[in-house]
Amino acid sequence: MSFPLVAPMFPAGREPLPPGMTEEDRAQLLEAKKYQGWMAMGMESCAAKTVIAGVGGLGIGAFFSLMSSSFAYEDPLLRQSTQAGLNHTQKAREIFKEMGRGMWKSGKGFGKVGALFAGIECVIEGYRAKNDMVNPIAAGFVAGGVLARNSGPKAALGGGLAFAAFSAAIDLFLRREPSDDD
């Protein structure tokens, strides 16, 4: 018996199937929905967001260092003086070791900044229960202050303000309305 203006009610697991699916596909659909729920729950977790930002920052920092290290060996006079007496294999080994050290150092720095910012922003967003411009600005201020804490209170304040301004600029750019010029 159906009532007008009332949404139909179905028992869990017995909802109507999407068009083109048979009753045999129901188990696969329910399993896919279960995994989708787990993934959504994981992506809403502050720990997962922090780890993802840290690993992404590590990768981007390593990539930037790799790209910039290709310009580090452009001075032939410097290259001759630092690598005198080495054969080609030894020179290549030294170059790759130096590139790897630079990639690891830069990647760690980017990863630390990404994880710190993402974790703080997630905690602020969870506490405020809002997703607006205040979260990245506050997270940028706190993260900038934490990163500059060893240089004194003035530097911590300046670092917080600079990181907050940068976070606001990036978030404004990412939240802008798309143009209607198609």
Side-chain angles (χ1 to χ4, degrees), residues 35 38-128 131-176 178-179:
Y35 288 132
W38 287 353
M39 291 298 292
M41 194 168 45
M43 289 305 297
E44 292 171 4
S45 145
C46 286
K49 287 181 182 180
T50 301
V51 169
I52 289 170
V55 171
L58 182 90
I60 287 176
F63 179 74
F64 284 165
S65 178
L66 178 66
M67 292 297 108
S68 66
S69 69
S70 64
F71 300 111
Y73 292 98
E74 291 300 314
D75 186 7
L77 297 176
L78 177 67
R79 201 173 0 177
Q80 287 174 356
S81 66
T82 59
Q83 298 174 351
L86 300 177
N87 64 26
H88 292 297
T89 305
Q90 292 169 333
K91 287 179 187 178
R93 185 177 297 124
E94 288 301 315
I95 288 171
F96 286 133
K97 281 183 184 178
E98 188 177 329
M99 288 169 72
R101 283 190 294 267
M103 289 171 64
W104 178 247
K105 184 178 178 183
S106 180
K108 276 193 326 187
F110 272 78
K112 180 173 76 169
V113 170
L116 181 68
F117 177 77
I120 292 171
E121 183 183 25
C122 185
V123 168
I124 290 173
E125 185 176 321
Y127 179 75
R128 294 184 65 234
N131 186 358
D132 57 5
M133 282 296 295
V134 174
N135 298 338
I137 293 172
F141 182 77
V142 173
V146 167
L147 291 170
R149 72 188 180 280
N150 294 336
S151 299
K154 274 182 151 176
L157 178 67
L161 290 173
F163 206 126
F166 180 72
S167 298
I170 294 295
D171 218 57
L172 280 172
F173 177 75
L174 292 175
R175 289 181 187 252
R176 76 184 190 289
S179 63

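Keep in mind it's a predicted model, so treat the numbers as computed, not measured. These values consider heavy atoms only, across backbone and side chains, with no hydrogens, waters or symmetry-generated copies.
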For residues 116-125, tabulate all N or O donor-acceptor pairs below 3.5 Å that involve a side-chain atom, not counting sequence neighbours.
none

Could you list the donor-acceptor pairs under 3.5 angstrom formed by side chains in residues 42-50, with sequence neighbours left out?
from	atom 1	to	atom 2	distance (Å)
Ser45	OG	Ala47	N	3.2
Ser45	OG	Ala48	N	3.2
Thr50	OG1	Cys46	O	2.8

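The minimum heavy-atom distance between Ala155 and Ala148, with the atom names listed, is O-CB, 3.5 Å.
Counting only distance, with no hydrogens or angles, the side chain of Ser69 and the backbone of Met99 share no donor-acceptor pair below 3.5 Å. Side-chain atoms of Ser68 come within 3.5 Å of backbone atoms of Phe64 as a donor-acceptor pair (strictly under, hydrogens ignored). With hydrogens and angles ignored, the 3.5 Å screen pairs a side-chain donor or acceptor of Gln90 with a backbone N or O of Asn87. Under a 3.5 Å cut-off, the side chain of Ser167 and the backbone N or O of Ile137 do not form any donor-acceptor pair.
The ring pair (Phe, Tyr, Trp, His ring centres under 6.0 Å) test applied to Phe63 returns no partner, not counting sequence neighbours. With sequence neighbours left out, the side-chain contact (heavy atoms from CB on, under 4.5 Å) criterion links Leu157 to Phe141, Leu161. Judged as a salt bridge (charged side-chain N to carboxylate O under 4.0 Å, His left out), and not counting sequence neighbours, the contacts of Arg175 are Asp171. Residues satisfying the ring pair (Phe, Tyr, Trp, His ring centres under 6.0 Å) test with Tyr35, not counting sequence neighbours, are Trp38. With sequence neighbours left out, the salt bridge (charged side-chain N to carboxylate O under 4.0 Å, His left out) criterion links Arg101 to no other residue. Residues that satisfy the side-chain contact (heavy atoms from CB on, under 4.5 Å) test with Ala165, not counting sequence neighbours, are absent from this structure.
The CG atom of Leu58 lies 9.0 Å from the OG atom of Ser106; values are rounded to the nearest 0.5 Å.
Environment of CE in Met39: sparse, with no more than 12 heavy atoms of neighbouring residues, nucleotides or ligands closer than 6.0 Å.
A side-chain hydrogen bond (donor to acceptor under 3.5 Å, both in side chains) check over residues 133-149, counting only residues at least two apart or in different chains, returns the pairs Arg128-Asn135.
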Item checked: Steps toward side chain to side chain contact (heavy atoms under 4.5 Å, CB included) verdict (Val142, Phe163) -> CA-CA 9 Å; Val142 173; Phe163 206 126; over 6 Å; no
